[in-house]
Amino acid sequence: MDNTLLSLRGLTKTYPGVVANDDVSFDIGRGEIHALLGENGAGKSTLVKMIYGLVAPDKGEMTLAGAPYRPAKPSEARQAGVAMVFQHFSLFDALDVAENVALGMEDPPKSRDLAKRIRDVSEAYGLPLDPSRVVGTLSAGERQRVEIIRCLLQEPRLLIMDEPTSVLTPQEVEILFETLRKLKSEGTSILYISHKLEEIRALCDTATILRLGQKVDTTTPSETTARQLAEMMVGSSFAAPEARHTEKGDVALEVRGLSLPAPGAFGTPLRDLSFEVRAGEVLGIGGVAGNGQDELLAALSGERTCPAGSVWLKGADVSRQGPTARRAAGLLSAPEERLGHAAAPNMSLVENAVLTAGKRKALVRNGMIGWSRARDFAEEVITRFDVRTPGPHVAARALSGGNLQKYVVGREILQDPEVLIINQPTWGVDAAAAAAIRQALLDLAAGGTALVVISQDLDELVEISDRFAALNEGRLSPAYPVADLDMERIGLMMGGAHDMEATHAP
Amino acid sequence: MIRLERRPEPSKLWTAVTPVLAVLLTMVVGGILFAFLGADPVGAIRTIFWDPLFNPQFAGFTRPQLLVKAGPLILIAIGLSIGFRAGIWNIGAEGQYIMGAICGAGAGLAFYPSESVLIFPLMIVAGALGGWAWAMIPAVLKTRFGTNEILVSLMLVYVAENILASVSSGLLRNPEGRGFPGSRNLRQWDAAANLELIPDTGMHWGVVFAFIAVIGAYVLLTRHIQGFNIRLTGEAPRAARFSGVIPARIILLCLGISGALAGLAGFFEVSGPAGQISIDFNSGYGFTAIIVAFLGRLHPVGILLAGLLMALTYIGGELAQLMLNLPGASIQLFQGMLLFFLLATDVFTNFRIRIGTGETA
């Protein structure tokens, strides 16, 4: 017990309708790098927020170095020696490194002393950083160093790192790992949140796996295979997928070697993606959030045009076409973000019908909008997909998430697409609505539409897909028939280990 | 505790009520201001809002002025409102207005003293093109280099003012004007004059174009797909891109329309009420039109009404200066207050006030 720094006992946190953490207990030892592993929505961030004083647990207790620990706010956590590096940085671009660090301190020293301390810490831990550089000119990896140094200046006993490598280049990852190992050797404990299995096996001493808010196990990653970790993370709670025998037609959509640079600082580049979908077939694309899902949808919908020769619709190259031309040719899409992307929040459902259906439903003729036709179409979507709304004149943002999702999915389905790309079709939707949407997608495929369903819900993908592929850091694994896959393989594909396993492909 | 709570939908009632409320608040606070300046507040407000239209002594002269002043304001504000709907902030209409006037007048004067019927249409086209070209500078810089159109268009106002000063004492100076700065008087040249179409109404070609612009903008925004795309871009830029809207095209379209309309307004002003290009022919309409656009809720019909109201404060303000010796600056303050109160009361369109201790999480 002496060696335990932070001990969690029975932590429970309930949000309306969701149990984010259910009776989670584990210990973090002194000088230990402890991994917290789990899928999106497994409860990792809620747990960390409780440790960092951002959220108060409903039940359970924590002890830090033997003393009761119940931080009411982050500053109390910092005083107790708990520091955290967030996934998204909170830095001011216009200020220099030292000024940014000073802003995060309760009692900043004089700027010259601070600059010296920053330089000392950055040299001691092998994190090269010039305190007088303006943050706006730094790379993502350098910005992370500012955050880390800001934490290290507080000489923390426990450092929490939330998905630190998601913004780093491989070289920067190596530098970071060296720093973390050095901290460990000095007795600092690190809670390392990630879903990258190989990273965890290389770096961490212990791993706690969360699934659906509950602790699955605490293991030693170096003695556990990536396969076992993936299995614990994904769970095998659902029934074995059935092979579905559908009549498949010709290739409807083909993607050949699609590469696109990242759209922004936190975007993911697409790296050499290739796949094809046949008429009547459902291709499920899994993967942990932020591995290129949004970018893939934008590239296929036409929001971002692609290099010539990379996207083919029924044998025609549509790579350079925008959304309007692709829609006219039969390639439709529904993005993940309902408000602001798939629909304009302050516009009515009728206006939101015109958003994508202007051409295919002839709502716009000679540039003029036929509002009565648009209203008819909006009402058709509302009736066919059981959208609960007082009427089509209501603003999109007044609808509940599930109802708006039914509306935006229905809007695309009722346009008789030849190919439909859909990202997170049932995200945040209640069970009944989710089932209705899935059924509608299956019916659409049965009618001869080629579907690409991008989702983080594996149960959903297994239920409706014919073939499954996984996105990892902007790369797409080969697609395998769902019937040939088990949870282990799916987990490995999602963790990015598909390359080393490819030789055993059935 | 008083809290603001977001309404699920923008209130239709408040959208209509806030301009009226803003006018009333401006009257009250303006009245207090005038009282401090030593004038009778009720009398001052009556002089501004009532006398120009109904006072038997001046109304005969001031009533036609209403359309003369409202015409350019409406024409410019309609153009601006289209851009504002898309979230494109053209603050430099004054510059586009000046350049439209210079180009329109210049194109005509090149043919002086021809009496061809083609002169006036040529000048209209040149005026619109002048304003359009001046607006294309911020548009192209924004689409190419991502510059801020607010700053660029505003700075170009000062460039345009200097060009105006230069041409009125140089290139366009009246050769028969005995060296005084200022162009030939277009009102005295039949081929180029933009005179009253119906006597004693103030109705000139600029007012006709303003009405056409109101109708055109209404059709564009409510019926046409480009108008829909403009509104969509303003409401949800990501949804607009998903829909297939190309942002650069919307920027060029919106700045182009607002520039061309401002240029038209400038030309009609210089060929009509002002009569000649001179260093100070422009009356700041390009800036006042921003207030008109917002006061009219960026809606064409609203802008029509707001333009008339703002014209009234101009005329009434002049009357108040004359009759009550109020300083000119207090009238500008009065107009500014109108926008200030409109923006302040606008909160109630999207929010409602909740009093009491609700749950804060």
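Reckoned from all heavy atoms, side chains included, excluding hydrogens, waters and symmetry mates. Lettering follows sequence order; numbering is per chain, from 1.
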### Query
With the threshold set at 4.0 Å, does a side-chain nitrogen-carboxylate oxygen contact exist between B:Asp346 and B:Arg297?
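Yes.
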What option among [options] has the most heavy-atom pairs under 4.5 Å with chain B?
| options | result |
| --- | --- |
| A:Pro335, A:Gly302, A:Gly322 | A:Pro335 |
| A:Val354, A:Val364, A:Leu297, A:Thr324 | A:Val354 |
| A:Pro345, A:Gly340, A:Gly358 | A:Gly340 |
| A:His341, A:Met368, A:Glu303 | A:His341 |

Is the Lys NZ or Arg CZ of A:Arg411 less than 6.0 Å from the centre of B:Phe242's six-membered ring, within 45° of the axis? no
task: Could you tell me whether the side chains of A:Gln321 and A:Arg326 share a donor-acceptor contact shorter than 3.5 Å?
output: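 Side-chain D/A pair, A:Gln321 to A:Arg326: absent.
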query = Strictly by modelled atom types, are A:His393 and A:Glu351 linked by a side-chain donor-acceptor pair under 3.5 Å?
reply =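 No pair is found: no donor N or O on one side chain lies under 3.5 Å from an acceptor on the other.
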Looking only at B:Arg231, B:His224, B:Arg241, most heavy-atom pairs under 4.5 Å shared with chain A are made by B:His224
I'd like to know whether the aromatic ring centres of B:Phe268 and B:Trp205 sit less than 6.0 Å apart in this structure.
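No, too far apart.
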Honestly, the part of A:Glu337 sitting under 4.5 Å from a heavy atom of chain B is side chain
Whatever's closer than 4.5 Å to a heavy atom in chain B on A:Ala343 counts as backbone
